[in-house]
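Everything quoted here is computed from the prediction, not taken from an experiment. Along the sequence shown, residues carry numbers from 1.
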Amino acid sequence: MTQNEQLLKVIDFIENRRLGYAITQLENFLLSNPQLKTDLEKLISIQNDYKLMSDYWQRGYDDPEREMVYSQLLRRLYVLATNIIIHDRIFHVSFLKSMHTRPRQARKNWSIISIRRQLEEFVSDVAMLEFEPEEKLREKSIQIYVRHQLLTHDLFDYILTSRLWNDELADAFVDILLSPTIDTIDQQLIVSAITLSAINHFGINKFRILTEVSLKSTDEEVRQRALVGWVFCLDERKTAIYPEMEEMVRNFCENQDCLDQLAGLQIQLIYCMETEQDQRTIKDEIIPDILQGNSVKLTSRGLIEMEEDKLEEILHPEKTERDMERMEESINRIVEMQKRGTDVYFGGFSQMKRFSFYNQLSNWFVPFYPQHPSISQIWNNTTGKTFLHTITNLGAFCDSDKYSFILAFDQVLKKLPPKMLEMIENGEASAMPLGGEIPIEEQRQKAFIRRRYLQNVYRFFRLFSMRSEFRNPFEESSQYVFFANQLFRHTQLADRMLEIASFLMKHKRFNEAKMVIDNYETESYSSDYYLMKGSLLMRLPMRVSDSAVECFQQALEQKPDSEQAISGLARANFRNQNYAEALKAYRRLIDMKPDHRSYLLNAAICLTNMNENQEALKLLYKLEYLYPDDVNAKSVLAWVQTIEGKYEQAEKNYLQLLSQEQPQLVDMLNIGYCKWLEGKIVDAINHFKQIILRQQDGERFDFENEFMNVQYNLLKAHHISDTEIQMMIETLL
């Protein structure tokens, strides 16, 4: 995104309430850009008011309104600086300059009265179509929709490149967006234009519009778009200029329905962030199974039918059945992914965004309607009409993908195999979208509407050719993890923080989960909070074991007999190498569950690290009796036997471990130690060399570090000299 660093510095000063610095910085910019004479005059007005206020302060006058005046000057300066930034970007980015110029040249009158009149006239014109004679209806309809599409295209670009709005203009747009006399398609498109504009350049009035519409609109499609836009525009830094944002957010979160939708939106945003990973799964694991069980093959020339191999079916009938089962399982897997919230169509439809249709920015956000001039002819074409309508209406496609599908269908229809085309014409082909049909009732649900729109937005920010000129909310964790926004800290949304943090942890997004947990603030934290935070800290790469210990201790104070808290405390102390405390916790757990496998094993490891090997062996022998096939317990047992000089018993266990199909590296290493400590040097060397043979290209096991640091004390305790250690290292080079 093209930005002027000098102007960004002005905004930074304003957000930190450093009015004098901001005025000086902006003055320097304007003096070097004489073409902005009008803006310089506005700045001088602000500067004079600031000097007047400062002069009164220096004279010692007590002005009870000083804080208010200072804040008002900050606002005036922010509006001026932001408008200059918008102008500067339009001037330096040809794409934005074209978007700014074209609608203003195409239509001279952009007054709010004119905009509303034209939008309402369209609704009237469409309503009057039912009185047109049949022979003129189609032609008249096309004319109306073509003319209106040009208007909405111009309006979208006009809003997107507009400066910050005043209160009166914002109120007028709120009325338009809530009016029953304006078409919902137009309202949705206007909301998207306002969203894109406010994401790039925050304005309190555009933010207020999205707030009011998301609370008051009775049209769910409009409301969900406004909700998404509202979340993407949240910027806690702007509260230094507009403190009323805090109250707006707090009031928003007093509505239980809004809280539920915000929680759902946060989860859906995370699924958006996992789209690329999900596409790899679909491409590499699912699609091959679907194609393998089908009689159609995808080639560079399109779809072709494969000849049926009757002999293969006779000789191997079970293979055909297996292929069909795998295909059904893969299709069901996609259905489940889709129900969960996965964007299953992104990979396929991302290749269909090269149509000229997508050169027009507003078309990335326009809701799907069959009368759109770019697809109306295809939609009404008799060839494959039923097939096309069924898939488009019942598939879980976002609006952008519906347009892609129709445009692609028109081209693919000519390349279909004759037999398939005949089936489509005769209505014999099953119009089943991949992922299954979505009932109309489900498509009207809030979550489905919101997810479909999010997919539109995600495609724009991932695939639009000029996307770099827009601030991308999917690239900033502070935007897509909005539950971590401090504006929500003292709202009722805090009650949903643990739910979202838990979801993030299940998806292995631990850093984002920590952002949410750290934003959770209340007078007294629950045991669940401490358990979750402790578990989270244990999964972060940084050394935070001490903090995790404190969390589990706090949880235990509230629930002294909580097995989960005791287990967490044991693991945290173990990770912190505080084996004595970890052992205490594991012994409590063993008292609760005497035969629990991991509790017994971890207690034995603690004892080994404390050099209490005989006690460790008692637990390990119990484990061997209870779980004779547990390779982890056997591995620890063999190592303790090695340390205690029980070489024959240890070797017997190691041989069993090494007979596994994929023996663990640690067991290959430890049998070498066993032989070395026993004095069988050649055998030890041979076992260590097995590790070398197992290494792949570029890998090299660091025996020097292993012998001189990791197990140096063990070797010295068994009277192996430094010379012998060095000789072993040199032998293995």
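- Remark: the Glu476 side chain and the Asn472 side chain contain no N/O donor-acceptor pair separated by less than 3.5 Å.
- If you look at Phe460 and Phe470, their ring centroids are closer than 6.0 Å.
- Under a 3.5 Å cut-off, the side chain of Ser502 and the backbone N or O of Glu499 do not form any donor-acceptor pair.
- Side-chain contact annotation: Ser111 with Asn109, donor-acceptor N/O pair under 3.5 Å present.
- Other residues, nucleotides and ligands contribute at most 12 non-hydrogen atoms within 6.0 Å of the CZ atom of Phe91.
- Using a 3.5 Å distance cut-off with no hydrogens or angles, the side chains of Thr342 and Glu274 do not pair a donor with an acceptor.
- When atom types are taken as modelled, the side chain of Asn33 and the backbone of Leu36 share no donor-acceptor pair closer than 3.5 angstrom.
- The 12-atom threshold is exceeded at CZ of Phe510, counting heavy atoms of other residues, nucleotides or ligands nearer than 6.0 Å.
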**Report entry** Verdict with reasoning, Arg208 to Asp171, per salt bridge (charged side-chain N to carboxylate O under 4.0 Å, His left out)
**Finding:** CA-CA 9 Å; Arg208 178 167 64 84; Asp171 290 340; 3.0 Å; yes

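- Heavy-atom contacts from other residues, nucleotides or ligands closer than 6.0 Å to NE2 of His507 number more than 12.
- Checking side-chain atoms of Gln279 against main-chain N and O of Asp343 turns up a donor-acceptor pair under 3.5 Å.
- A donor-acceptor pair is defined here as one N or O able to donate and one able to accept, closer than 3.5 Å; such a pair exists between the side chain of Arg89 and the backbone of Thr2.
- Counting non-hydrogen atoms of other residues, nucleotides and ligands closer than 6.0 Å to OH of Tyr56 gives a total of 12 or fewer.
- Atoms CG and CD, from Leu30 and Gln25 in turn, are 11.0 Å apart once rounded to the nearest 0.5 Å.
- Side-chain atoms of Ser400 and Lys353 include a donor-acceptor pair closer than 3.5 Å.
- Counting heavy-atom neighbours within 6.0 Å of Glu244 CD, excluding the residue itself, gives a total above 12.
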Side chain to side chain contact (heavy atoms under 4.5 Å, CB included) between Ile176 and Ile112: does it pass, once the steps are laid out?
-> CA-CA 9 Å; Ile176 286 176; Ile112 193 67; 3.7 Å; yes

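- Taking CZ of Arg76 as the start and NZ of Lys42 as the end, the distance is 11.0 Å to the nearest 0.5 Å.
- For the residue pair Gln188/Ser192, the side-chain donor-acceptor check at 3.5 Å is not satisfied.
- A side-chain N or O of Gln58 and one of Ser54 form a donor-acceptor pair less than 3.5 Å apart.
- A side-chain donor-acceptor contact under 3.5 Å links Arg116 and Ser179.
- In this structure, a donor-acceptor pair under 3.5 Å is present between the side chains of Gln224 and Glu220.
- Arg471 and Asn200 are not linked by any side-chain donor-acceptor pair at a separation below 3.5 angstrom, with hydrogens and angles left out of the test.
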Show, in sequence, the C-alpha distance, side-chain angles and deciding distance for Asp154 and Trp110, and conclude whether the side chain to side chain contact (heavy atoms under 4.5 Å, CB included) test is met.
CA-CA 10 Å; Asp154 290 345; Trp110 281 107; 3.7 Å; yes

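- Judged by distance alone, with hydrogens and angles left aside, the side-chain atoms of Ser197 form no donor-acceptor pair with the main-chain N or O of Ala193 at under 3.5 Å.
- More than 12 heavy atoms of other shown residues, nucleotides or ligands fall within 6.0 angstrom of atom CD in Glu254.
- Note: Trp230 and Phe207 have parallel aromatic rings, judged against thresholds of 30 and 60 degrees for the angle between ring planes.
- In terms of modelled atom types and a separation under 3.5 Å, the side chain of Tyr70 and the main chain of Leu19 share a donor-acceptor contact.
- A donor-acceptor pair shorter than 3.5 Å can be found between the side chains of Tyr480 and Glu512.
- Here Phe464 and Tyr358 keep their ring centres 6.0 angstrom or further from each other.
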